[in-house]
Number of protein chains: 2
Amino acid sequence: MLRISKLTDYGVVLASHLATLDGPRSVRELAEDTAVPQPTAAKVLKALAKGGLVTSTRGARGGYALSAAPADISIAQVITALEGPIAVTECTDETTDDGCSHEEHCGVRGNWQRINGAVQTALEAISLADMAHRAGGALITLSLSAADANARLRSH
Amino acid sequence: MLRISKLTDYGVVLASHLATLDGPRSVRELAEDTAVPQPTAAKVLKALAKGGLVTSTRGARGGYALSAAPADISIAQVITALEGPIAVTECTDETTDDGCSHEEHCGVRGNWQRINGAVQTALEAISLADMAHRAGGALITLSLSAADANARLRSH
DNA sequence: AAAAATCGGACCTGGCTGGTCCTCTTTCTG
DNA sequence: CAGAAAGAGGACCAGCCAGGTCCGATTTTT
């Protein structure tokens, strides 16, 4: 299903919500606004803080706020902060260089990496500002190759 | 990590391997060629057969073969056959119309669907024939919009 | 000093993934 | 016609991890 985890989904929702605010907000407030269970929201926000996407202010009147402008934070960053590097298959995970035993059999590998890169590029191109605005217009289009992209352009 | 399951990975490897062959092959042979554990390969191939991607011949000298030309079977079909409909988040799974409780809070939803659609389109555009050829050249590129695609074309 | 927050963990638990096995049916071959 | 070869269709299990909760320590405000 090519699914991302629910935690990550929460992360995107929370981060997008933060993008509509200015000052820091407490976990309780954010959880209420987004209807995410409070302890879970806390966990997610902690992870985002560790990833440097949000800054935390401790103590009374503290809370979380985005560490950068909404337009400068990508969905890919949120996903990476919560799930580690984006890798569609284990093969494409560069960190484990254990030399996949199928390597000689699967000429498939290079292609997976390309697919993976494509997905990653797509997610990097989408900012929290984009997500915060509903009705963003035509957000993403895909093309198989430059030539194909060209053909599409002409057809419009 | 936006990861697909290992079973699905096997499915792609097996299907891509079948794309390089002509007649039906037994599970044992396919498993040996691809270094996928035999019982697991059987399971995967059964699922592919149920999805109509491969045809099975029973009895002695039977086996599996692709049900269509490699160029006419997409990676998306393989994934769908093994994992059900592609849905990045639960929200984007159209089958469950239980009205996600966050709905009013998350203007995010429409955007997820667009991302989801983009990924799906990308996977639909990649055929087994593409996967079977290693070194396929620039297989996929992404663009945010037609305008952006245009800009990219010019920059090359 | 007390209250309000986050931090950094530990902890549990249910479901799902990956993997195996067994029996039934079908088909070919000798 | 008998037996072997092969898939169909399940049941089944073990391990892992996502999802979720909770607690004590620390920091800051009031």
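Every value quoted in this text rests on a predicted model; they were computed, and no experiment measured them. Proteins come first, then strands; the chains are lettered A, B, ... in the order of their sequence lines, and each starts at number 1.
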Requested in this report: Look at the side chain of B:Lys46 and the base of D:dG7, then say whether one donor and one acceptor between them are separated by less than 3.5 Å.
Outcome: no
Query raised in the report: Per the atom types in the model, does the base of C:dT25 pair as donor or acceptor with the side chain of B:Arg58 at under 3.5 Å?
Result: yes
Report task. State whether the side chain of A:Ser74 and the backbone N or O of A:Ile126 hold a donor-acceptor pair below 3.5 Å, judged by distance alone. Result -> no
Query - Under 3.5 Å: donor-acceptor pair, side chain of A:Glu32, backbone of A:Glu29 - result: no
Specify the separation, in whole Å, of atom [atom1] of [X] and atom [atom2] of [N].
X: B:Leu48; N: D:dA8; atom1: CG; atom2: P; value: 11 Å
X: B:Glu29; N: D:dA5; atom1: CD; atom2: C1'; value: 14 Å
X: B:Lys43; N: D:dC12; atom1: NZ; atom2: P; value: 14 Å
X: B:Tyr64; N: C:dT26; atom1: OH; atom2: C1'; value: 13 Å
X: A:Gln38; N: D:dT21; atom1: CD; atom2: C1'; value: 12 Å
X: B:Arg28; N: D:dA4; atom1: CZ; atom2: P; value: 16 Å
X: B:Leu82; N: C:dG18; atom1: CG; atom2: P; value: 10 Å
X: A:Leu14; N: D:dG19; atom1: CG; atom2: C1'; value: 15 Å

Query - B:Val44 to B:Leu82 - nearest heavy-atom pair and separation - result: O-CD2, 4.0 Å
Query - Taking every non-hydrogen atom, the tightest pair across A:Ile73 and A:Leu53 - result: CD1-O, 3.8 Å
Report task. Would you mind telling me which residue lines up with the more 5' stretch of DNA chain C, A:Arg61 or A:Ser56, judged by nearest nucleotide? Result -> A:Arg61
Query raised in the report: Of A:Lys50 and B:Pro39, whose closest DNA chain C nucleotide lies nearer the 5' terminus?
Result: A:Lys50
**Report entry** Along DNA chain D (nearest heavy atom to each residue), the more 5'-positioned of A:Ala60 and B:Val27
**Finding:** B:Val27
Closest to the [X] side chain, choosing from [options]:
X: B:Thr40; options: D:dT21, C:dT6, C:dT20; answer: C:dT20
X: A:Lys6; options: D:dT29, D:dG20, D:dA8; answer: D:dG20
X: A:Leu7; options: D:dG7, D:dG19, C:dG18; answer: D:dG19

Report yes if at least one side-chain N or O of [X] is closer than 4.0 Å to OP1 or OP2 of [N]; otherwise report no.
X: B:Ser26; N: D:dG7; answer: no
X: B:Ser5; N: C:dC16; answer: no
X: A:Tyr10; N: D:dG20; answer: yes

Requested in this report: Given side chain to side chain contact (heavy atoms under 4.5 Å, CB included), test A:Leu21 with A:Leu30 step by step and report yes or no.
Outcome: CA-CA 10 Å; A:Leu21 305 172; A:Leu30 294 171; 4.1 Å; yes
